[in-house]
2 protein chains.
Amino acid sequence: MVNVRIYVTYKESVFDPQGDTIKNAIHALGHDEVENVKVGKFFDVVINPEKKDVETSVKEISEELLVNFNLETYRYEVLGGLD
Amino acid sequence: MVNVRIYVTYKESVFDPQGDTIKNAIHALGHDEVENVKVGKFFDVVINPEKKDVETSVKEISEELLVNFNLETYRYEVLGGLD
């Protein structure tokens, strides 16, 4: 088994109101050392490489399900094999 | 400026219904190579290290705001310095 982490973030051109809200809350707590906050999500996906090529699988499930390409972009990294 | 990524995940003992729902949706699309899915979120935080020690800042904002320690845990990594 292969453990893959897929990161989904807003595109640079998309306004991130959740990140701005969190930044404001952090400032309200007195942390003026924080200059910016952006929010994203990730999916830790365990893939059986004997059933499908890992890169192909990640590309397909990202494009079909996980990522809204109007607003979001993604990248992934292989975290390592599992027993 | 220092760019830090803070990862927030459910604790191992906490049921992740969103991950299970996504796994089921992936299977419904025919991807039976996917064995498991877990969901998490991350925060890309830009910190001014001249105003506060980065490790202290991350610990404080995580504990005060970003992480619900009843259900979640966190880790972070420094992605690098920014100009």
Side-chain angles (χ1 to χ4, degrees), chain A residues 1-10 12 16 18-67 74-77 79 81-83, chain B residues 1-10 12 16 18-67 74-77 79 81-83:
Chain A
M1 297 302 152
V2 177
N3 199 348
V4 179
R5 179 165 286 182
I6 304 170
Y7 302 89
V8 180
T9 47
Y10 283 121
E12 281 296 329
D16 175 9
Q18 193 183 2
D20 284 345
T21 301
I22 292 169
K23 182 178 71 176
N24 292 338
I26 287 172
H27 286 169
L29 290 169
H31 292 282
D32 63 354
E33 76 277 12
V34 173
E35 302 268 337
N36 198 33
V37 179
K38 287 197 163 199
V39 179
K41 54 196 168 182
F42 64 88
F43 303 90
D44 284 341
V45 181
V46 179
I47 296 173
N48 184 340
E50 294 175 6
K51 291 190 178 175
K52 183 171 276 193
D53 173 67
V54 171
E55 188 172 343
T56 303
S57 177
V58 168
K59 187 168 186 291
E60 288 179 354
I61 64 176
S62 296
E63 294 182 358
E64 292 169 12
L65 190 72
L66 299 180
V67 184
Y74 79 104
R75 47 176 289 277
Y76 72 94
E77 62 181 332
L79 296 181
L82 302 174
D83 289 336
Chain B
M1 296 302 153
V2 177
N3 199 348
V4 178
R5 180 164 284 182
I6 304 171
Y7 301 90
V8 179
T9 48
Y10 282 122
E12 280 296 328
D16 176 9
Q18 193 184 0
D20 284 345
T21 300
I22 291 169
K23 182 178 71 176
N24 292 339
I26 287 172
H27 287 170
L29 290 170
H31 292 282
D32 63 354
E33 76 277 11
V34 173
E35 302 267 337
N36 199 33
V37 179
K38 287 197 164 199
V39 179
K41 54 196 167 182
F42 64 86
F43 303 90
D44 283 341
V45 181
V46 179
I47 297 172
N48 183 340
E50 294 175 6
K51 291 191 178 175
K52 183 171 276 194
D53 172 68
V54 171
E55 187 173 342
T56 303
S57 176
V58 169
K59 187 169 186 291
E60 287 179 354
I61 65 176
S62 297
E63 294 183 357
E64 292 168 13
L65 189 73
L66 300 180
V67 184
Y74 79 104
R75 47 175 289 279
Y76 72 94
E77 63 181 332
L79 296 182
L82 302 175
D83 288 335

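Protein chains get the first letters and strands the later ones, always in sequence-line order, with residue 1 at the start of each. Only this structure's heavy atoms are used, side chains among them; waters, hydrogens and symmetry mates stay out.
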Original post:
Should B/Val45 and A/Ile22 count as side-chain neighbours, where that means a heavy-atom distance under 4.5 Å?
Top reply: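 No, too far: nothing below the 4.5 Å cut-off.
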
Original post:
Looking at B/Gln18, B/Lys51, B/Glu35, B/Glu64, which makes the most heavy-atom pairs under 4.5 Å with chain A?
Top reply: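 The answer is B/Glu35.
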
**OP:** Under 4.5 Å heavy-atom distance to chain A, tell me which part of B/Val8 shows up: side chain, backbone, both or neither.
**Re:**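 Contact with chain A involves the backbone of B/Val8 alone.
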
Original post:
Between atom NZ of A/Lys41 and atom CZ of B/Phe42, what is the distance when rounded to the nearest 0.5 Å?
Top reply: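 These two atoms lie 10.0 Å from each other.
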
**OP:** Sort by residue number and list every member of residues 53-61 of chain B having a non-hydrogen atom under 4.5 Å from chain A.
**Re:**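 Answer by number: B/Ser57, B/Glu60, B/Ile61.
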
Original post:
chain B: which of A/Asn48, A/Asn36, A/Leu29 shares the most heavy-atom pairs with it under 4.5 Å?
Top reply: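 The residue among A/Asn48, A/Asn36, A/Leu29 with the greatest pair count is A/Asn36.
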
